[in-house]
Amino acid sequence: MNQPAVTTEGLTKRFGDAIAVNGLTLTIPAGQIAGIVGPNGAGKTTLLRMLTGVLSPSEGSASICGFDVVREALAVKRCVGYAPESAAVFESLSALEYLEMAAQLYGVPLELAHERIFRLGDFFELSRRTLTDQLLGAYSKGMRRKVIIASALLHDPSVVIFDEPLDGLDPMAAIAFKGLIHALAGQGKTIIYSSHLLDVVERLCDRVIILDHGRLAMDGSPAELLAAGQSSTLEKLFAQITGATEMSDRALDVAKALTGRGAKAE
């Protein structure tokens, strides 16, 4: 009970000569909402895939709930719920059939699975008729996202990993989801939340882990990071760390060029 929920030690992933994650060492305690942010190519999704056993590390180690992600992969999968960025589902199934299949993979009894499926469906405003009679191929992106989130929660995991979970959700569903995140953490679950929406991460997460080129750039509570970087928002701090502070000037140059105020074509 006293051990960290998630640990990594020198975690590294190489793809040929490219290093996606480089010597990452982290400890995430139970009940914490940890935000993972970084520019494209920073290693966020690669990190999540290693933690869930989708990818094997090139070097270093990682454990979840005390289980090594490589040597004890099956035990890790039992205690982790993963909602990937992709909203890919089996389009020829109904949501109920898809979620029943997910529950069976985790050994959740059918009666309990139905109770949780319909409770989550009500929460996300997916009617029973929608869950049972409509194929996933006809679902919108946001509806599919809701089903993916539900599938990650069905087996009552101790650690839940979300990759861009708000993508496609309507405003009401997004508000409900953020409330659910806080409630899950309040029940002692560890939440790893990867997103490009820096304002949401700043408000929602207890801790922010900033990656840049596969390395740990900064790590701490939002207040600690803003104080250390002397920044008023996480967005401004992120720009400083990742070298994106000149983006406003570049955007102005492009806007001028597009409106005919830039250099004239020969």
Side-chain angles (χ1 to χ4, degrees), residues 15 20 36 40 44-56 64 69-70 73-181 183-184 189 191-197 200:
F15 296 98
I36 309 287
N40 289 336
K44 303 184 300 297
T45 297
T46 300
L47 169 62
L48 302 188
R49 289 176 176 172
M50 284 192 286
L51 292 178
T52 55
V54 176
L55 291 175
S56 296
I64 295 184
V69 297
V70 175
L74 189 58
V76 167
K77 286 178 170 58
R78 291 193 185 102
C79 67
V80 172
Y82 180 37
E85 181 177 7
S86 168
V89 291
F90 292 102
E91 297 189 354
S92 60
L93 299 179
S94 69
L96 179 61
E97 290 170 333
Y98 178 84
L99 292 169
E100 284 176 342
M101 179 179 65
Q104 289 175 350
L105 290 173
Y106 286 108
V108 180
L110 187 60
E111 184 177 352
L112 178 58
H114 281 173
E115 178 184 334
R116 291 175 176 174
I117 289 168
F118 291 125
R119 176 66 63 87
L120 286 163
D122 289 343
F123 179 77
F124 282 123
E125 297 187 332
L126 295 173
S127 69
R128 295 201 176 199
R129 183 174 180 179
T130 300
L131 291 172
T132 59
D133 296 347
Q134 191 171 346
L135 297 183
L136 287 168
Y139 275 35
S140 68
K141 182 178 181 179
M143 293 168 69
R144 293 186 186 198
R145 174 65 59 196
K146 294 174 182 179
V147 172
I148 293 295
I149 292 171
S151 70
L153 298 173
L154 278 180
H155 59 294
D156 190 26
S158 299
V159 177
V160 193
I161 299 176
F162 296 106
D163 195 356
E164 296 293 353
L166 298 184
D167 186 24
L169 292 185
D170 60 80
M172 288 302 297
I175 292 170
F177 173 74
K178 286 181 278 189
L180 179 60
I181 290 294
L184 291 171
K189 297 187 186 298
I191 310 295
I192 298 179
Y193 186 103
S194 175
S195 178
H196 288 107
L197 302 177
V200 174

Measuring only between side-chain heavy atoms, which start at C-beta, is [X] closer than 4.5 Å to [Y]?
{"X": "Thr130", "Y": "Glu125", "answer": "no"}
{"X": "Ile192", "Y": "Leu47", "answer": "no"}
{"X": "Val200", "Y": "Lys178", "answer": "yes"}
{"X": "Leu120", "Y": "Leu99", "answer": "no"}
{"X": "Val160", "Y": "Ile181", "answer": "no"}

Yes or no on side chain to side chain contact (heavy atoms under 4.5 Å, CB included) for Ser195 and Leu166, after CA distance, side-chain angles and deciding distance?
-> CA-CA 8 Å; Ser195 178; Leu166 298 184; over 6 Å; no
Can you name the residues that form a salt bridge (charged side-chain N to carboxylate O under 4.0 Å, His left out) with Glu91, not counting sequence neighbours?
->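 Result, salt bridge (charged side-chain N to carboxylate O under 4.0 Å, His left out) vs Glu91: Arg144.
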Closest approach of [X] and [Y], non-hydrogen atoms and distance?
{"X": "Ser92", "Y": "Leu135", "result": "O-CD2, 3.5 Å"}
{"X": "Thr52", "Y": "Lys77", "result": "O-NZ, 3.5 Å"}
{"X": "Leu154", "Y": "Val108", "result": "O-CG2, 4.1 Å"}
{"X": "Thr132", "Y": "Leu96", "result": "CG2-CD2, 3.6 Å"}
{"X": "Pro165", "Y": "Ile149", "result": "O-CD1, 4.0 Å"}

Test side chain to side chain contact (heavy atoms under 4.5 Å, CB included) applied to Asp167 and Arg145, step by step = CA-CA 8 Å; Asp167 186 24; Arg145 174 65 59 196; 4.1 Å; yes
Examine distances only and state if a side-chain atom of [X] and a backbone atom of [Y] form a donor-acceptor pair shorter than 3.5 Å.
{"X": "Lys146", "Y": "Phe124", "result": "yes"}
{"X": "His114", "Y": "Glu100", "result": "no"}
{"X": "Lys189", "Y": "Pro157", "result": "yes"}
{"X": "Glu164", "Y": "His196", "result": "yes"}

Once rounded to the nearest 0.5 Å, what's the spacing between atom [atom1] of [X] and atom [atom2] of [Y]?
{"X": "Leu110", "Y": "Ile117", "atom1": "CG", "atom2": "CD1", "result": "7.5 Å"}
{"X": "Arg78", "Y": "Ser158", "atom1": "CZ", "atom2": "OG", "result": "13.0 Å"}
{"X": "Leu136", "Y": "Phe90", "atom1": "CG", "atom2": "CZ", "result": "10.5 Å"}
{"X": "Arg49", "Y": "Tyr82", "atom1": "CZ", "atom2": "OH", "result": "5.5 Å"}

